[in-house]
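Remember, it's 1-based here, ligands and their atoms both numbered in the order they're listed. Quick caveat, the model's predicted, so the values are computed rather than measured.
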Amino acid sequence: MSSSSNPTSAAYAQAVKELGLKQNIAKALEIPDRELTVEVPFRKDDGEIKSVIGFRVQHNNTRGPFKGGIRYHQHVDIEEVRSLATLMTWKTSLLDIPYGGGKGGIGIDPSKYSKTELERMSRRFFRAIDPIIGINVDIPAPDVNTNAQVMSWFMDEYSQLHGYSPAIVTGKPLELGGSAGREAATGRGTAVITRETADKWNIPLNNSKVVIQGFGNVGSYAAKFLHEYGCKIIAVSDVSGGLYDPNGLDIPSLFDYNYEHRTINGFDQGKKISNDELLALECDFLIPAALGSAINETNVDSLNCKVIIEAANGPVTGPAANKLWDRKIGIIPDILTNAGGVTVSYFEWVQNLQQFKWTEKDVNKKLEEKMIHAFNEVFELKKNKQVPMRIASFMVAIDRVHKAYNLREG
Ligand code: GLU
């Protein structure tokens, strides 16, 4: 990921300027605290040894332990992990949860490996990063292509070395100390933020037209909850392509189909469309919920939505965001929209530390309160300063870290 396509750097620079932060402080807050690159050898099912590279970047822990997911994807490299770790610092700060930011990853395409190969690779990776993690130091979680099973292997490796430690990782299965509501949390938070946006933008939520790019954990749950709110989900897509129905897709059936088959391919409703066609559909809310830089200078002019709800991390590049601002298309940024995941991760960690389980109702209620509070804080600042939501979000987040940093650095 080059710095010009890194959405964080442009927004960061503008927010720093708006806040009037001194350049030396801006620089200090931008530099990651620590970066670890590890070799991860593991045995394939055919007996051969394969070696891959893994990363863990710890960006900032001024407000609490480093926190952030681990992704498995062929595009993962140190620059991408660094940028995503930085986003986590601003995300945890924006939601005012007591964490800093970190991220990890391995640059492989997991679909090319068996479950047993992925298990051996994951366990070896976790051992390799063990020296820099801890329940009050750095707490990993799932991200793209990792899930509760991978977190179980992580928790098991750590517990073998240090004793039973569910709080070392979040996004675990319920049976191992996971939290009720965690799996759906990012999608639920995305739906809540879409609802709040509809209200402030004066777009009636009922029957509003929604397009979702990406139907993994985040996109599928966002679709489910938005459908429950009365929205019309007219198109969704995954790596296999898109499905479109101007009258609204049957989301409960599609959700179940996708849960079972792990793809929307083969679902018997909707017209097949390409990713480019999907992005260009006329709609109220366009929700990119797949990978970074999905909306960029090559396709931004074709967009035909009122507001973009950034459910993925970094789905709109900096130059594309500027063009959208000129066209008065709103962007609700990733660090706000998708913060539901890390917020319930925080609730999971708290439950693990207290050894006390909360009900799903409690979790969802607290999640909603946190999301709405952060949304309103950003919206007020946006209005007062006449800046985009993305810049206002960064301003709230950076200011909070900066104040803590000043107090600690004396
Ligand atoms: N990977 C998610 C994110 O990007 C969740 C991180 C976490 O729960 O620590 O926010």
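- The closest approach between a heavy atom of Gly68 and any atom of ligand 1 is below 4.0 Å.
- With atom 10 (O) of ligand 1 as the reference point, the heavy atom nearest to it among Lys91, Lys103, Glu348 is part of Lys91.
- Closest protein heavy atom to atom 9 (O) of ligand 1: Lys67 NZ, 2.8 Å.
- Listed by atom number, the atoms of ligand 1 under 4.0 Å from Val342 heavy atoms are 7 (C), 8 (O), 9 (O).
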(message) Walk me through whether Phe285 and Ser208 qualify under side-chain contact (heavy atoms from CB on, under 4.5 Å).
(response) CA-CA 8 Å; Phe285 301 106; Ser208 60; 3.9 Å; yes
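- Between Phe126 and Trp153, the ring center distance fails the sub-6.0 Å criterion.
- Counting the atoms of ligand 1 from 1 in the order shown, those under 4.0 Å from a heavy atom of Met88 are 3 (C), 4 (O), 6 (C), 10 (O).
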(request) Evaluate the side-chain contact (heavy atoms from CB on, under 4.5 Å) criterion for residues Asn296 and Val300: first the C-alpha distance (whole Å), next the side-chain angles of each, then the deciding distance (0.1 Å), finally the verdict. (result) CA-CA 6 Å; Asn296 51 56; Val300 65; over 6 Å; no
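- Nearest protein heavy-atom neighbour of atom 7 (C) of ligand 1: Ala141 CB, 3.3 Å.
- In the vicinity of Asn313, heavy-atom distances shorter than 4.0 Å reach the ligand 1 atoms 4 (O).
- Between Asn145 and Pro110 there is a side-chain heavy-atom pair separated by less than 4.5 Å.
- Considering only non-hydrogen atoms, atom 2 (C) of ligand 1 lies nearest to Asp143 out of Asp334, Asp143, Ile97.
- Remark: distances from the non-hydrogen atoms of Arg182 to ligand 1 include one below 4.0 Å.
- Within the structure, ligand 1 has Pro142 among the residues with a heavy atom less than 4.0 angstrom away.
- No part of Leu87 comes within 4.0 Å of ligand 1, judged by heavy-atom distances.
- Leu281 places none of its side-chain heavy atoms less than 4.5 Å from the side chain of Lys209.
- Counting non-hydrogen atoms of neighbouring residues, nucleotides and ligands closer than 6.0 angstrom, the NE2 atom of His373 reaches no more than 12 such neighbours.
- Given atom 8 (O) of ligand 1, the protein heavy atom at minimum distance is Ser345 OG, 2.5 Å.
- Side-chain contact check for Asp276 and Asn299: no donor-acceptor pair (N or O, by modelled atom type) lies under 3.5 Å.
- Between Phe255 and Tyr221, the ring centre distance stays below 6.0 Å.
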